[in-house]
Protein chains: 2
Amino acid sequence: MKEKRTLQSVQKLLLAFFRQNRRMPSFSEMVDLLGVRSKSVVNFWIEKLIEARILEKDGKGHLSFTKQAFAIPRVGSIQAGFPSPEEEVLSDAISMDEYLIARPDASFLLQVSGDSMTGAGIMAGDLVIIEKGRAPKTGDIVVAEVDGEWTMKYFQKQGKQIVLVAANPRYPDIRPRSELRLGGVVTAVVRKYHG
Amino acid sequence: MKEKRTLQSVQKLLLAFFRQNRRMPSFSEMVDLLGVRSKSVVNFWIEKLIEARILEKDGKGHLSFTKQAFAIPRVGSIQAGFPSPEEEVLSDAISMDEYLIARPDASFLLQVSGDSMTGAGIMAGDLVIIEKGRAPKTGDIVVAEVDGEWTMKYFQKQGKQIVLVAANPRYPDIRPRSELRLGGVVTAVVRKYHG
DNA sequence: TTGACAACAGAACGATGGTTCTATATACGG
DNA sequence: CCGTATATAGAACCATCGTTCTGTTGTCAA
């Protein structure tokens with residue numbers, strides 16, 4: 001039985017290749033990938049994909065995916081009426097890496113343990129993205145070393161005094177003496193449900 | 001004044017190009033990119049980057065970034081002792097897209113409004129990633145249409161009866177009659193702090 | 001059966017890609 | 001000042017790339 005080639009199936013194959021190799025396949029590679037025997041067939045599909053704004057080609061014939069091809073669709077809010085899969089608004093589609101991490105070279109991940117920030121919606125096991133070298137403002141969540149121990153707290157500035165407040169009221173406020181080593185500012189929280 | 005080229009600066013330039021064009025620059029393009037005038041200089045740096053496991057080359061000379069080049073470093077948990085930026089463990093580095101979204105073509109994003117899932121650490125304004133066509137298990141968070149309205153709730157199966165429970169106890173449990181249209185299962189939560 | 005059309009095969013072509021080699025410029029220690 | 005090492009320049013080379021053209025196969029309606 002012969003698989004019928006469709007725009008979606010071709011796009012899927014190319015995307016799979018890209019995700020694995022982090023580059024576009026060449027026309028010759030696509031010949032194998034699509035299971036055809038001629039580059040002109042590949043060219044036919046490539047033009048279709050360009051027309052569909054999934055691929056784009058610069059002046060010298062270099063292929064690349066559009067932003068749209070990577071992103072996953074983003075629909076409105078739940079209470080505003082939940083659209084059916086067919087009427088998804090594809091116009092506003094984003095990539096997680098791009099959305100979450102503004103400065104990749106100054107950021108790192110940290111796995112949270114403990115319940116001191118549960119009130120802020122940061123649970124044990126969550127991953128937080130921390131940006132180094134950013135000046136915290138009051139209300140920001142920071143990672144700091146206070147008296148030899150690292151903790152994650154709300155940052156507050158009362159006059160000249162700095163106060164670190166936990167979201168969980170069971171934990172006391174911390175007023176560091178002079179030494180406050182700042183690990184960074186929490187810019188995002190990420191939680192993945194196993195499965 | 002002439003900028004000294006370093007491994008980091010070259011990597012940064014190439015990464016910037018990649019992020020913008022979603023493909024590797026060619027050697028000729030790198031000549032312009034690095035501000036040199038010969039491809040052999042480019043080749044010199046490429047080899048350095050390959051040695052540093054930032055780039056890799058397949059049999060036919062096709063360049064691509066390694067996984068490592070994209071990912072941001074992940075350090076241990078806070079309470080386990082917070083490493084300084086110098087001693088970051090780079091071995092376990094992940095990309096957000098890859099980490100969060102197992103099936104990109106079956107997933108979409110939804111912005112949360114309301115406080116019905118606050119107890120589960122899902123706040124208003126958060127972005128949830130929803131996977132379609134997955135069979136929910138008890139304890140999963142699902143998006144479902146109950147009697148004409150879309151909501152996000154815990155999924156529970158008591159015998160043959162399905163119960164939708166909010167994390168916020170102020171909301172009553174929902175026991176749908178027969179019609180329960182399932183939008184999908186929440187596989188991840190993402191929150192970005194503005195700034 | 002035939003005609004029309006779409007999908008595909010295959011080869012030829014010029015341009016560009018990465019590679020390699022040799023020559024020149026710069027920095028630095030003695 | 002000299003000699004050595006390192007970084008850069010420039011040119012030549014061929015495999016591969018994407019492009020294009022012509023011809024073949026397959027499908028479906030009349």
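Everything numeric in this text was worked out from a predicted model, so none of it was measured. Numbered from 1 within each chain, the chains take letters A, B, ... in sequence-line order.
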(message) Between D:dG10 and B:Ser38, counting only base atoms on the nucleotide and side-chain atoms on the residue, is there a donor-acceptor pair under 3.5 Å?
(response) yes

(request) Calculate the interatomic distance between B:Asp32 atom CG and D:dA9 atom P; express it in whole Å. (result) 12 Å

(message) From CZ of B:Arg37 over to C1' of C:dA23, roughly how many Å is that when rounded to an integer?
(response) 15 Å

(message) Output the rounded distance in Å from NZ (B:Lys57) to P (C:dG18).
(response) 9 Å

(request) Using the closest heavy atom to pick a nucleotide of DNA chain C for each, name whichever of B:Pro25 or A:Val36 lands nearer the 5' end. (result) A:Val36

(request) Take atom CG of A:Leu14 and atom P of D:dG18, then tell me their distance rounded to the nearest Å. (result) 12 Å

(message) Distance check needed: C:dG17 P versus B:Glu29 CD, whole Å only.
(response) 7 Å

(message) Mind checking if A:Ser40 touches a base, just sugar-phosphate, or nothing, with heavy atoms under 4.0 Å?
(response) base

(message) So if I apply the side-chain contact (heavy atoms from CB on, under 4.5 Å) rule between B:Gln111 and each of B:Asp126, B:Val128, B:Leu127, which one comes out positive?
(response) B:Leu127

(request) Select one nucleotide: of C:dA7, C:dG17, D:dT19, the one nearest the side-chain heavy atoms of A:Asn43. (result) D:dT19

(message) Under 4.0 Å from OP1 or OP2 of C:dC8: is there any side-chain N or O of A:Trp45 that close?
(response) yes

(request) Send over the distance from B:Leu7 CG to D:dA7 C1', rounded to a whole Å. (result) 14 Å

(request) Step through the shown structure and confirm whether more than 12 heavy atoms of other residues, nucleotides or ligands are within 6.0 Å of CD on A:Glu51. (result) no

(message) Within the structure provided, determine whether B:Leu182 and B:Pro136 are in side-chain contact (heavy-atom separation under 4.5 Å).
(response) yes

(request) Please answer: with hydrophobic residues joined when any side-chain heavy atoms are less than 4.5 Å apart, are A:Met123 and B:Met117 in the same cluster? (result) no

(request) Could you tell me whether a side-chain N or O of A:Arg134 sits under 3.5 Å from a main-chain N or O of A:Thr187, the two making a donor and an acceptor? (result) no

(request) Could you tell me the separation between the CD1 atom of B:Ile46 and the P atom of C:dT19, rounded to a whole number of Å? (result) 9 Å

(request) For C:dG17, take OP1 and OP2 only and decide whether either is under 4.0 Å from a side-chain N or O of B:Ser28. (result) yes

(request) Figure out the NE2/C1' separation between A:His62 and C:dA15, and round it to whole Å. (result) 12 Å

(message) Please compare B:Lys60 and B:Lys48 by the position of their nearest nucleotide in DNA chain D and report the one closer to 5'.
(response) B:Lys48

